[in-house]
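Okay, structure first, notes after.
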Amino acid sequence: MVEASRIDVSIEHKHAPEPPPKKHPNTCPTCGSHFRDDELDAALRVCTHCGHHFPVKARKRIEQLADRGSFVEEAADLRSADPLDFFDLRAYKERLAEAEIATGLGDAMVIGSATIEEQPCELAVMDFSFMGGSMGSVTGEKFARACESAAAAGMPLVTISASGGARMQEGILALMQLPKTVCAVEELHESGCALLSVMAHPTTGGLLASFASLGDVLLAEPGALMSFAGPRVVAQTTREKLPDDFGLAESNLRFGHVDAIVRRPELRPTLARLLRLFGES
Amino acid sequence: MVEASRIDVSIEHKHAPEPPPKKHPNTCPTCGSHFRDDELDAALRVCTHCGHHFPVKARKRIEQLADRGSFVEEAADLRSADPLDFFDLRAYKERLAEAEIATGLGDAMVIGSATIEEQPCELAVMDFSFMGGSMGSVTGEKFARACESAAAAGMPLVTISASGGARMQEGILALMQLPKTVCAVEELHESGCALLSVMAHPTTGGLLASFASLGDVLLAEPGALMSFAGPRVVAQTTREKLPDDFGLAESNLRFGHVDAIVRRPELRPTLARLLRLFGES
Amino acid sequence: MANDAEIRLRDRLSKLSGLDLLRGARLSGELERLKRQLDRIEADPTDEEIWSKVELARHEERPYTLDYVERLFEDWFELHGDRGRGDDAALVAGIGKLEGRTVALVGHQKGRDIKERSNRNFGMAYPEGYRKAMRVMEIAERHGFPLATLVDTPGAYPGVAAEQHGQGGAIARSQAVMARLKVPTVACIIGEGGSGGAVAIALADTVLMQENAIYSVISPEGCAAILWRDAGERQKAAAAFKPDAAHCLELGVIDGIVPEPVGGAHESHDEAARLLGAALADAFDELENVPQAELRARRRQKFRAMGVLA
Amino acid sequence: MANDAEIRLRDRLSKLSGLDLLRGARLSGELERLKRQLDRIEADPTDEEIWSKVELARHEERPYTLDYVERLFEDWFELHGDRGRGDDAALVAGIGKLEGRTVALVGHQKGRDIKERSNRNFGMAYPEGYRKAMRVMEIAERHGFPLATLVDTPGAYPGVAAEQHGQGGAIARSQAVMARLKVPTVACIIGEGGSGGAVAIALADTVLMQENAIYSVISPEGCAAILWRDAGERQKAAAAFKPDAAHCLELGVIDGIVPEPVGGAHESHDEAARLLGAALADAFDELENVPQAELRARRRQKFRAMGVLA
Ligand SMILES: [Zn+2]
Ligand SMILES: [Zn+2]
């Protein structure tokens, strides 16, 4: 075994969120209620019994937020290369192909323009089901293009994060997506446009350490894990029992790191309000 | 009596530093050693037995720091008015006259240009013996003029603070010296010049809440009290026992509020070094 | 002294009378108000009148920042946290629409009932509160939102943790941020303007005071305890250092007085809000006419000139 | 891929050959060094070579930030504290003269003996460390001092308090400050460039790596534990994600490699410092020729272009 001080300092990890015990994805991990797909969708994928927020895939999220028919996708054709010819237990190329088949997405982020309650904005929405929402070259590039589209149109950018962090399989280039997206936010801000950042479960590692934290306004969904290092890594390093709400949105609010926790039914009107406030750049 | 929450929130107080028990001013309050004036002066007014830093009056401080004969005083003729016609147990005018006679100073700050190890700079030095070093209109004005002289000559401003805070007898105008000196620092900084702020015992209240905290570099003398509210006020409000080093320079260093604690014999070479670093604006 | 103040007010009156940007109703209100202020200054307030202002400024039914926000701002969104340590409830910040304009707002907030008072720490902020304020000021700057601040605090909190977290430095830096802003800024003292904790968010282009607000270097009790060695002499102290709006206007410390409903702001929160809203909007309208490049220089010059020399 | 890197290097070589601002001795050293780098890239490092770099990067006698400062800076003055909560010894910052120029420096600092290691937290900074870094970057900006950063950290500290104090946000904001600076900035990875904690201070105009430094998205052990489910597979992991300088140069992530003494920097701190000092000074000389208005735009464009798409 290697020393703890070596292993545990890494911040990127796929398993950041304690995965709910592998029941049916429509079974509430908090109260055990089970829902049909259409029931859950009608409730915006929030448990009608206990309020648990189920994960939302990128396209479903866009449906929930954007005015019907307003979303125009951009850069849908971007695909990851495999610059390191990366092979762990399986080839990165294979993982990518599998993720694309499973999700119907080219990578872990979907971008495009839309309106929310008639307020124009650019959207950049992550999808945790594509390789844990990890950020590699494509996600970084899509984010940068979303910033550029927003700046060109003079409208705010709304991001919904759901990610375990940087994509290890792209090595140092994945890490470079942190400064890349940070530079893109700076350019966006200089053009006078706002970044409204919504953090869904989970927003960890490289996401929290780059654009997701740089919003003019930071919103979080209830119960979302928002930590730089994941609970497992922190527990291993410090050998301490973690607080029950370690890294959760609620703890982050208390410690001053987010502006508000917004329940999903209020997310669309809240974003609309913020777009009215920040919209005229 | 009035409620604690009313009395104790005031931040300005003359008695901030626990005054050393009223022994002879040349008796060390820490170890009890007694010194002749010339002995103490030769040791820069530092106890040769225990290192206690005795107070230093403004002109003596300038002598300690500036190259011999280099100091050229400015604005020596400024005197306080009495805009409120203030009278507590005695008239403010009387207190002013008495302080001038006792100290030979026009107010609690002396300003002028000088060189330190041949590095040109502007100096603004406070004198605690003039009404507790309290900041009224004259101190604020002198500070602002010192900033303007420094900016005009393109050289750094070195301040030595020793003050209980704003001068109550000038009422709201004393409070206005906080934003006034803050604005002066901003103008100084925009001209490209540095502010090097040295905090001697005590630097409290309105001083800590204005220019003294805005130096590019913050130095403190050992044992200097640097607190916004004085220990007595804090103890009264919170009804807690204070930490032994409450508000002291050493505690401020630990909590990240100063760059270094500099013993008096090292102050001149330290400032000279900083002037070499910041000097070419 | 009263002469200077008179001249300033008369000057302002004549300027206002010739100004056609101010909307009709409000203009006459403004004129009326300034005339009343003039009358009041000509009759120097008595010691009792000053003390009654102190009591009104501290009245427990007086409207607080969020009472005004609720009545004046549309699409209000409160921003939380200093992004470092916590969220200080004694100081609230957010953005909203004030008469159609997106405005950033920072204000002290006292609590109404016992629990909220303790939660809001009686409007006495920690450094975390001032850091939240600075953060929101920077959002205002980035997006060109005018900044309004509402001051209502007995003072910054004097506690051990507050000192350890850098109370003095936070107050200094909050002023420095305000001195640096390029957007128009208006501050209004709406209750107690207590010392450094107040001025931390009051380095503004236009500084207003409500009719019954107080603004002072120290609380009357604190001043009495130190100078008279008897906190009970607070009325004497208040009379000596004159924290009332009329004197602050006289001394050139504030730019105008915002009228309150008869009897004080607590008599009608709605009417008090209407009057405050009109004053803020007028102040922003006026500042909009100042060329952007001049705004900051003027602000600094204004504070540079404060003080009285012999 | 090797072709791109070759082209980049050859391009750089030809530029250097035609450049007369670089001083004689150093120019030939630079040429020599680039030629060696070129040779090395043409011969792709083996898995064993990569692992030996990891070991050298972590060598316990390797020079740390303050070892370089002591040898390279005159009139060095260390700045302490984040002005909010504390002074993080895992990250040092200060100003000093580098070849006659006042330069601000920020760098991770590991400890040499057991006590210092613990005090320096093995070079793993808390958010307080990054806040100190930002503060010193702002001093650099205000006074026009070029900024040098030395990166040497296994990663930002993963602890409960670090999270509560906003580790992720601090790393994001530190990068944002660097993206905003108008002064020239040079970063050098001098040991371990571990993930977010490293890149927090590495968003620079010129990013260098010492010959035996590593720069990676995750530690080899962390990667092995997750992807191979066995931390023991760290050599395999390192070989797979290639954290060595040659590969970082190939991938366009860094702008140059700083040579080390034969056997590694630990063999001679003096010689390692001489080589690093020359590289930093050259980098600043080059950046001085970039029109100030372009510098920041170029920096952002450089990072904007990072990544490889299919
Ligand atoms: Zn449920
Ligand atoms: Zn002694």
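The chains referred to below are lettered A, B, ... by the order of the sequence lines, with proteins before strands, and numbering in each begins at 1.
Contact detail for A:Leu277 and C:Thr102: the closest heavy-atom pair is O-OG1, 2.9 Å. Nearest approach of A:Arg276 to C:Lys97, heavy atoms of both residues: O-NZ, 3.2 Å.
Using a 4.0 Å cut-off between charged nitrogen and carboxylate oxygen, C:Arg83 and A:Asp259 count as a salt-bridge pair.
For the set C:Lys132, C:Glu138, C:Arg85, the entry with the most heavy-atom pairs within less than 4.5 Å of chain A is C:Arg85. For the options C:Gly84, C:Gly81, C:Gly86, heavy-atom pairs under 4.5 Å to chain A are most numerous at C:Gly86. Ranked by non-hydrogen atom pairs under 4.5 Å with chain A, the options C:Arg101, C:Arg135, C:Glu78 are led by C:Arg135. Among C:Asp75, C:Asp88, C:Asp87, C:Ile95, the residue making the largest number of heavy-atom pairs under 4.5 Å with chain A is C:Asp75.
There is no contact between C:Arg131 and chain A, counting heavy-atom distances below 4.5 Å. Heavy atoms closer than 4.5 Å to chain C are found in the side chain of A:Thr270, but not in its backbone. For a residue to count as touching a neighbouring chain, one of its non-hydrogen atoms must lie under 4.5 Å from one of that chain's; by this rule C:Glu128 does not touch chain A. Proximity to chain C (any heavy atom under 4.5 Å) is shown, for A:Ile261, by neither the backbone nor the side chain. Interface remark: C:Leu79 contributes backbone and side-chain atoms alike to the contact with chain A (heavy atom separation under 4.5 Å).
Between A:Phe278 and C:Phe145, the ring planes are tilted. Angles from 30° to 60° get that label.
Residues of residues 241-254 of chain A placed with any heavy atom under 4.5 Å of a heavy atom in chain C are listed by number as A:Leu253, A:Arg254.
More than 12 heavy atoms of other residues, nucleotides or ligands shown are found within 6.0 angstrom of CD on A:Glu117. The number of heavy atoms from other shown groups lying within 6.0 Å of CD (C:Glu294) is above 12.
C:His80 contributes atom NE2, which lies 15.0 Å from atom NE2 of A:His257 (distance to the nearest 0.5 angstrom).
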